[in-house]
Amino acid sequence: MSPRRTAPNSRGRVGVAIPAAGSGVRMGGVRKVFLELAGRPVLEHALEAFLAEERVVSVVIALAPDDAASPPDWLTSLDPRIVVVAGGDTRSQSVRAAIAALPDDLDVIAVHDAARPLVEWALVVRCVDLALGGVGAVAGCPAVDTMKVVDVDGAVLDTPDRATLWHAHTPQVFPAAALRAAYEAVTGEGTDDAALVERCDPNLKVMMVDGGPGNLKVTRLVDLPLAEALLARRPRNGP
Ligand code: C5P
């Protein structure tokens, strides 16, 4: 038995919401979650780490409405825990639709962008363990570049202290009640899930979890060969 299974947080019911309904505007309108990386769709890679986690009881994937109406066979036959719903016009709407379709009796909910195919099982476990302890857990990595605050013309307004800045990735994992409350209470868009939780419940501690720079989001065409190279070097993605 692995040491993790004897840890205090080794029990818990985990739901996963996967927003996958983007239109791929920055890729020229390509449905990037169905693009193949190393012979398998980006979405399948993104699901791997969650399906390998035994505490995950349900995975709801928000697809573009026409894809949700006739999802691909490989997806519907991949794992009995998978449910497909129609996403919305924005990421927040898609996450909201996915959360609504998760079971009621969950301890924590993880949100993960389908566009991050390199997520590792060990990172999922670290974030889930933290959230089961009652805090929010946001995968990310410290900023290595100096960051600038600019106006609409690109003129520099400020140079914040880099030591205080992190990139926020996914998964972002929260106690289920806190995430549901945030998506019910906060209207409008957040650029990530933690932003909504922070606004809804400023007293909930949210921790950054260093998942390294390799958990990249496939956003532009140039990201594809990079993601493929990183996938080729990745060890087995599971317990
Ligand atoms: O556009 P961006 O790369 O930030 O999208 C992050 C994730 O949100 C992607 O997995 C994308 O498919 C998803 N998304 C969604 N519904 C939208 C827009 C984006 O599920 N309307």
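As the structure lists them, so they are numbered: ligands from 1, and atoms in each ligand from 1. Keep in mind the model is a prediction, meaning the values are calculated, not measured. Computation of the quantities below employed the complete heavy-atom set of this structure, encompassing side-chain atoms and omitting hydrogens, waters and symmetry-equivalent molecules.
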Do Ser94 side-chain atoms and Pro19 backbone N/O form a donor-acceptor pair below 3.5 Å?
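Side chain of Ser94 to backbone of Pro19: no pair is present.
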For the side chain of Asp153 and the backbone of Ala155, is there at least one donor-acceptor N/O pair under 3.5 Å apart?
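Not confirmed, Asp153 side chain does not pair with Ala155 backbone.
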Tell me, which residues have any heavy atom less than 4.0 Å from some atom of ligand 1?
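For ligand 1, the residues that come within the 4.0 Å heavy-atom cutoff are Pro19, Ala20, Ala21, Gly22, Arg26, Lys32, Gly88, Asp89, Thr90, Arg91, Ser94, Asp113, Ala114, Ala115, Lys217.
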Pairwise side-chain contact, Met147 with Thr159, heavy-atom cut-off 4.5 Å (strictly under):
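Not in contact.
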Could you pull out all donor-acceptor pairs under 3.5 Å where a side-chain atom in residues 33-42 meets a protein atom, sequence neighbours excluded?
{"from": "Arg40", "atom 1": "NH1", "to": "Glu44", "atom 2": "OE2", "distance (Å)": "3.2"}
{"from": "Arg40", "atom 1": "NH2", "to": "His45", "atom 2": "ND1", "distance (Å)": "3.4"}
{"from": "Arg40", "atom 1": "NH2", "to": "Glu48", "atom 2": "OE2", "distance (Å)": "3.0"}

For residues 170-186, which side-chain donor-acceptor pairs fall under 3.5 Å, sequence neighbours excluded?
{"from": "Thr170", "atom 1": "OG1", "to": "His112", "atom 2": "ND1", "distance (Å)": "2.9"}
{"from": "Thr170", "atom 1": "OG1", "to": "Asp113", "atom 2": "N", "distance (Å)": "3.1"}
{"from": "Gln172", "atom 1": "OE1", "to": "Asp193", "atom 2": "N", "distance (Å)": "3.3"}
{"from": "Gln172", "atom 1": "OE1", "to": "Ala194", "atom 2": "N", "distance (Å)": "2.9"}
{"from": "Gln172", "atom 1": "NE2", "to": "His169", "atom 2": "O", "distance (Å)": "2.9"}
{"from": "Gln172", "atom 1": "NE2", "to": "Asp192", "atom 2": "OD2", "distance (Å)": "3.0"}
{"from": "Arg180", "atom 1": "NH1", "to": "Ile99", "atom 2": "O", "distance (Å)": "3.3"}
{"from": "Arg180", "atom 1": "NH2", "to": "Pro103", "atom 2": "O", "distance (Å)": "2.7"}
{"from": "Tyr183", "atom 1": "OH", "to": "Asp193", "atom 2": "OD1", "distance (Å)": "2.5"}

Please list all pairs meeting salt bridge (Lys or Arg N to Asp or Glu O under 4.0 Å) that have one or both residues in residues 63-78, counting only residues at least two apart or in different chains.
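Listed once each, the pairs are Arg31-Asp66, Arg31-Asp67.
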